[in-house]
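Everything below concerns the one structure shown next.
Throughout, protein chains are lettered first and strands after them, A, B, ... in sequence-line order, and every chain is numbered starting at 1. All values derive from a computational prediction rather than experimental measurement.
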Amino acid sequence: MPGTYIPSEYLPVLIFIIIATAFGLGALVIGTVFRPKKPYPDKLMPYESGVTPIGEPRYRFSIRFYVIAMLFVVFDVEAVFIYPWAVVFDKIGIYAFIEMVIFIGILLIGYIYAWKKEAFQWD
Amino acid sequence: MIPELFFAYFAFAIVLFSIIVITRKNPVHSVLWMLLLFFHIAGLYLFLNAEFMAVMQVIVYAGGILVLFLFVVMLVSLKEEIKVARFIGAWPTGFTFAVALFIVILMSLRSFVAGPQGKYTIDLIKSESNIKVLGKLLYTDFLFPFEIASLILLVAMVGAIVLAKKRFKG
């Protein structure tokens, strides 16, 4: 019957997440409860290796970061598609090989375009 | 009973985190709450017997797309952005649209009829492993949508470069 599926093999993952969350939150809570609290302006200043901070911590990033992140996501998704393909490759054979060549070929056009447009240049 | 309990938790958490994401004053906080939201969506996938989708939700969304969001947030001037009123526009308009959408969803849910059970039952998928079944279907029956996906990725890649191209020159 649909809807009654329990992914019981993921129970260790659930336990891991619960322990990790409890550990992280617990450390923060225990720290807040027990540590002495005597703040003064110099202590609350952002730590920059002992030097007095200059300027704002928030400045606008270069748009290159966005392009790099976008290219990363695209190739990330491409890698995701290759994964199930590799698992069933021996069952489908040459047919699967051709379709993956087309898939990567289309994305290769984008890669060459990015290269030609100097999207990987950083100066 | 256990699936219902987990679904109730995930559904509640997803709605709660979505509201938190859109009401945060600081965009960086919004993105970090979204990370929690993505993990809960992965949990929901797990209970839908979509193991591979759940793992990819964590790798691609929580790993890749969230970084992209963070960079986009860093691109805009945060100091000015925080000062701008977040919920612009008259609330009656927004409320009307929300109610209309809710009614549409409710109507479509009421007329929902479960289709006939297909070849791939939970037992079959379990005996053959999720990823093998997915791979077999994706690279044979759903070959065309798979190739279309590469075109969509290509459009995303070219689009990002075209958007940012002017900045490269100057």
Side-chain angles (χ1 to χ4, degrees), chain A residues 1-10 13-14 17 56-81 83-89 91-92 95-96 99-100 102-111 113-114 116-119 121 123, chain B residues 2-4 6-7 28 39 43 46-49 51-52 54 56 59-60 63-65 67-79 114 117 121-122 126 129 131-136 138-140 143 146-147 149-151 153-165 167-168:
Chain A
M1 202 190 134
T4 52
Y5 173 72
I6 301 171
S8 49
E9 63 267 40
Y10 281 86
V13 178
L14 179 71
I17 289 173
E56 285 291 316
R58 285 207 187 115
Y59 60 94
R60 292 172 71 173
F61 274 37
S62 166
I63 194 144
R64 284 164 202 284
F65 285 105
Y66 166 73
V67 175
I68 294 293
M70 194 73 198
L71 291 174
F72 167 72
V73 167
V74 167
F75 289 113
D76 203 19
V77 175
E78 186 187 350
V80 163
F81 274 112
Y83 187 53
W85 171 79
V87 171
V88 296
F89 182 70
K91 296 238 168 57
I92 305 176
Y95 187 57
E99 58 195 59
M100 189 47 85
I102 297 169
F103 182 78
I104 294 177
I106 290 170
L107 281 166
L108 200 65
I109 298 168
Y111 184 72
Y113 178 77
K116 287 281 171 225
K117 288 285 172 191
E118 295 176 343
Q121 294 287 324
D123 48 21
Chain B
I2 297 172
E4 280 89 345
F6 269 93
F7 176 77
V28 178
F39 273 112
L46 214 53
F47 275 82
L48 287 171
N49 194 20
E51 210 176 306
F52 186 70
M56 288 313 150
I59 293 176
V60 175
I65 291 180
V67 172
L68 184 69
F69 283 178
L70 215 52
F71 280 144
V72 171
V73 165
M74 298 293 193
L75 273 180
V76 297
S77 178
L78 278 182
K79 277 186 82 180
Q117 192 169 26
T121 57
I122 289 172
K126 264 203 162 168
S129 99
I131 187 162
K132 267 188 187 162
V133 172
L134 183 96
K136 261 189 218 157
L138 186 62
Y139 301 109
T140 52
L143 170 62
F146 164 66
E147 298 293 357
S150 77
L151 277 176
L153 290 175
L154 180 68
V155 169
M157 194 152 50
V158 174
I161 292 164
V162 168
L163 269 178
K165 202 179 73 179
R167 291 298 183 90
F168 285 159

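Contacts with chain B were tallied for A:Ile102, A:Val13, A:Ile109; A:Ile102 has the most, counting heavy-atom pairs under 4.5 Å. Interface remark: of the candidates A:Ile104, A:Val87, A:Val74, A:Val74 forms the most heavy-atom pairs closer than 4.5 Å to chain B.
Put simply, the side chain of A:Lys117 does not reach to within 4.5 Å of the side chain of B:Val162, judged on heavy atoms. Side-chain atoms of B:Met74 and A:Tyr66, non-hydrogen and from C-beta on, never get closer than 4.5 Å to each other. Residues B:Tyr139 and A:Phe81 form a side-chain contact, since some pair of their non-hydrogen atoms from C-beta on lies under 4.5 Å apart.
Proximity to chain B (any heavy atom under 4.5 Å) is restricted, for A:Leu71, to the side chain, taken from C-beta onward. If you measure heavy-atom distances from A:Val80 to chain B, the contacts under 4.5 Å come from both the backbone and the side chain. For A:Ile106, the parts lying near chain B are the backbone and the side chain together; criterion is any non-hydrogen pair under 4.5 Å. Contact of B:Phe6 with chain A is made through the side chain alone, with heavy-atom distances under 4.5 Å. Contact of B:Val158 with chain A is made through backbone and side chain together, with heavy-atom distances under 4.5 Å.
Rounded to the nearest 0.5 Å, atoms OH (A:Tyr83) and CD1 (B:Ile131) are 4.5 Å apart.
The shortest heavy-atom contact between A:Glu99 and B:Phe146 is O-CE2, 4.1 Å.
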**Report entry** Full working for side chain to side chain contact (heavy atoms under 4.5 Å, CB included) between A:Phe65 and B:Leu70
**Finding:** CA-CA 10 Å; A:Phe65 285 105; B:Leu70 215 52; over 6 Å; no
